[in-house]
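All ligand and atom numbering here is 1-based and tracks the order in the structure. Hydrogens, waters and symmetry mates play no part in the numbers below; they use all other heavy atoms, side chains included.
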Amino acid sequence: MIRLRPAYADDVAALAKLGTATFTSAFGHLYSSKNLASFLAQTQSESRIASNIADPAVLYCLAEDTASGNLVGYCKISTNIGLDYDPGSTGAIELSQLYLDDSQFGTGLAGQLMDWVMDEARKRHCNEIILSVFSENFRAQSFYHRYGFEHIADTIFMVGDHCDAEFLYRLTLTD
Ligand SMILES: CC(C)(COP(=O)(O)OP(=O)(O)OC[C@H]1O[C@@H](n2cnc3c(N)ncnc32)[C@H](O)[C@@H]1OP(=O)(O)O)[C@@H](O)C(=O)NCCC(=O)NCCS
C-alpha cells in the first residue's frame, strides 16, 4: 500500500536519493554528466532539501510504500513563485517538482499527489497552480492537461549551463 504523508527532517537522505534517481531516470540522458551533476548538487543535495523542509513556504507530499518503507514518489509546492510569472493579487502556488519512481507510472499515484496539491492550494485560498514542464515531456503534459492545466507562455529551465525550452502551465481553480 502507498500512503501520502508530509516530509520530516529525517526524510532528507531518502528524499535526496529519490529526487536524484527520478530526475536522472527521466531526464539524465539529455545532459552532459557535468551539467547533470551540477544541477543535482544544486537541487537535490541533502542541505538543499533540509532547508526546503524547514521553509514554511514550501510543502512536500511524500508517497511511501508502507511494506518496504521506501519513498516511491513526491511532489513539492511553494507559495514563493520562482517561475517567470506574476500572479498579481491572485494567490498562486508553484508546483515545482512531481516525480514518481518508474514503478509507479500509470498507477494513479500521480493523480493522488495532484489532488493533494489542489487541496493545499484551496486551503491557502490560492486560485492558481503554476508549473513549468519540459517542451518535449509529452507524458507529463498529457497528465497536466487531464487536470485542466493550460499552456500560457514559453519559458526556459537551466540544467547546469544547458538551457531547455519549457512551457509555463497554469491551472485556475474553481470551487
Ligand atoms: C509526470 C508523471 C508524474 C505523471 O504520472 P503518470 O503516472 O505517468 O501519469 P498518468 O499515467 O496518470 O498519465 C500520463 C498520461 O500521458 C499519456 N502518455 C503516456 N506516454 C505518453 C507519450 N509518450 N506522449 C504523450 N502522452 C503520453 C498517458 O496515456 C496518460 O494520458 P491519459 O490519461 O490522457 O491517457 C510521471 O510520469 C513522472 O514522474 N515522470 C517523470 C518525472 C516528470 O516528468 N515529472 C514532471 C516534471 S514537470
Side-chain angles (χ1 to χ4, degrees), residues 1-7 11 14-31 35-40 42-44 48-49 52 58-65 68 70-85 87 92-121 126 128-160 162-173:
M1 204 175 86
I2 306 292
R3 73 166 175 136
L4 302 187
R5 64 169 180 83
D11 289 313
L15 197 43
K17 196 171 155 204
L18 178 68
T20 297
T22 51
F23 184 88
T24 303
S25 170
F27 306 116
H29 61 284
L30 297 171
Y31 310 112
N35 282 335
L36 182 61
S38 148
F39 176 78
L40 291 173
Q42 197 191 347
T43 58
Q44 299 295 345
R48 181 59 181 266
I49 290 170
N52 282 336
V58 174
L59 272 182
Y60 282 95
C61 183
L62 309 186
E64 183 185 74
D65 180 335
S68 64
N70 292 334
L71 298 182
V72 293
Y74 75 101
C75 66
K76 180 183 139 201
I77 58 175
S78 175
T79 49
N80 287 334
I81 308 297
L83 293 168
D84 186 15
Y85 178 74
I93 271 186
E94 180 177 321
L95 171 56
S96 51
Q97 290 169 11
L98 171 59
Y99 285 90
L100 304 185
D101 182 84
D102 299 4
S103 65
Q104 301 299 318
F105 283 24
T107 61
L109 177 58
Q112 292 177 47
L113 290 167
M114 183 57 79
D115 289 343
W116 174 86
V117 173
M118 292 165 67
D119 284 350
E120 290 298 326
C126 290
E128 295 180 340
I129 302 171
I130 304 295
L131 62 86
S132 170
V133 59
F134 177 43
S135 57
E136 294 176 29
N137 189 352
F138 305 116
R139 182 169 189 129
Q141 290 170 21
S142 294
F143 173 78
Y144 295 133
H145 287 154
R146 207 167 77 216
Y147 279 84
F149 280 85
E150 294 173 315
H151 175 184
I152 56 164
D154 294 340
T155 187
I156 58 162
F157 186 75
M158 297 303 297
V159 175
H162 177 99
C163 178
D164 274 332
E166 294 235 333
F167 298 150
L168 203 59
Y169 272 27
R170 177 177 63 197
L171 175 65
T172 303
L173 293 171

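Residues N80 and S78 have side chains that never bring a donor and an acceptor to within less than 3.5 angstrom of each other.
Of all protein heavy atoms, the one closest to atom 26 (N) of ligand 1 is S142 OG, 2.9 Å. For atom 39 (O) of ligand 1, the nearest protein heavy atom (residue, atom name, distance) is L100 N, 2.9 Å. Closest to atom 7 (O) of ligand 1, if we only count protein heavy atoms, is G106 N, 2.8 Å.
Listed by first then second residue, pairs satisfying side-chain hydrogen bond (donor to acceptor under 3.5 Å, both in side chains) with a partner in residues 149-159 read H151-D154, not counting sequence neighbours.
Neither the backbone nor the side chain of Q141 comes within contact range of ligand 1; no heavy atom lies under 4.0 Å. At a heavy-atom distance under 4.0 Å, no atom of L131 approaches ligand 1.
Within the 4.5 Å cutoff, side-chain heavy atoms of L98 are placed close to those of Y144.
Contact annotation: S25 has no heavy atom less than 4.0 Å from any atom of ligand 1. Heavy-atom distances between F134 and ligand 1 stay at or above 4.0 Å for every pair. Using a 4.0 angstrom heavy-atom cutoff, F27 counts as in contact with ligand 1.
Of all the listed residues (E136, M114, R139), R139 holds the heavy atom that lies closest to atom 14 (C) of ligand 1.
With respect to F39, the ring-ring contact (aromatic ring centres under 6.0 Å, His included) criterion is satisfied by exactly one of F157, F27, Y31: F157.
Taking a cut-off of under 4.0 Å to the non-hydrogen atoms of Y99, the atoms of ligand 1 that pass are 39 (O), 42 (C). Near S132, meaning under 4.0 Å from any of its heavy atoms, are these atoms of ligand 1: 48 (S). When each atom of ligand 1 is checked for a heavy atom of A26 under 4.0 Å away, the hits are 41 (C).
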(request) For E166 and S132, run side-chain hydrogen bond (donor to acceptor under 3.5 Å, both in side chains): C-alpha distance rounded to whole Å, both residues' side-chain angles, the deciding distance at 0.1 Å, then the answer. (result) CA-CA 6 Å; E166 294 235 333; S132 170; 2.4 Å; yes
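By the 6.0 Å contact criterion, CG on D115 is enclosed, its count of non-hydrogen atoms from other residues, nucleotides or ligands being greater than 12.
At least one N or O atom of R146 sits closer than 3.5 Å to an N or O atom of ligand 1.
R5 and D11 are joined by a salt bridge, as a carboxylate oxygen and a charged side-chain nitrogen come within less than 4.0 angstrom of each other.
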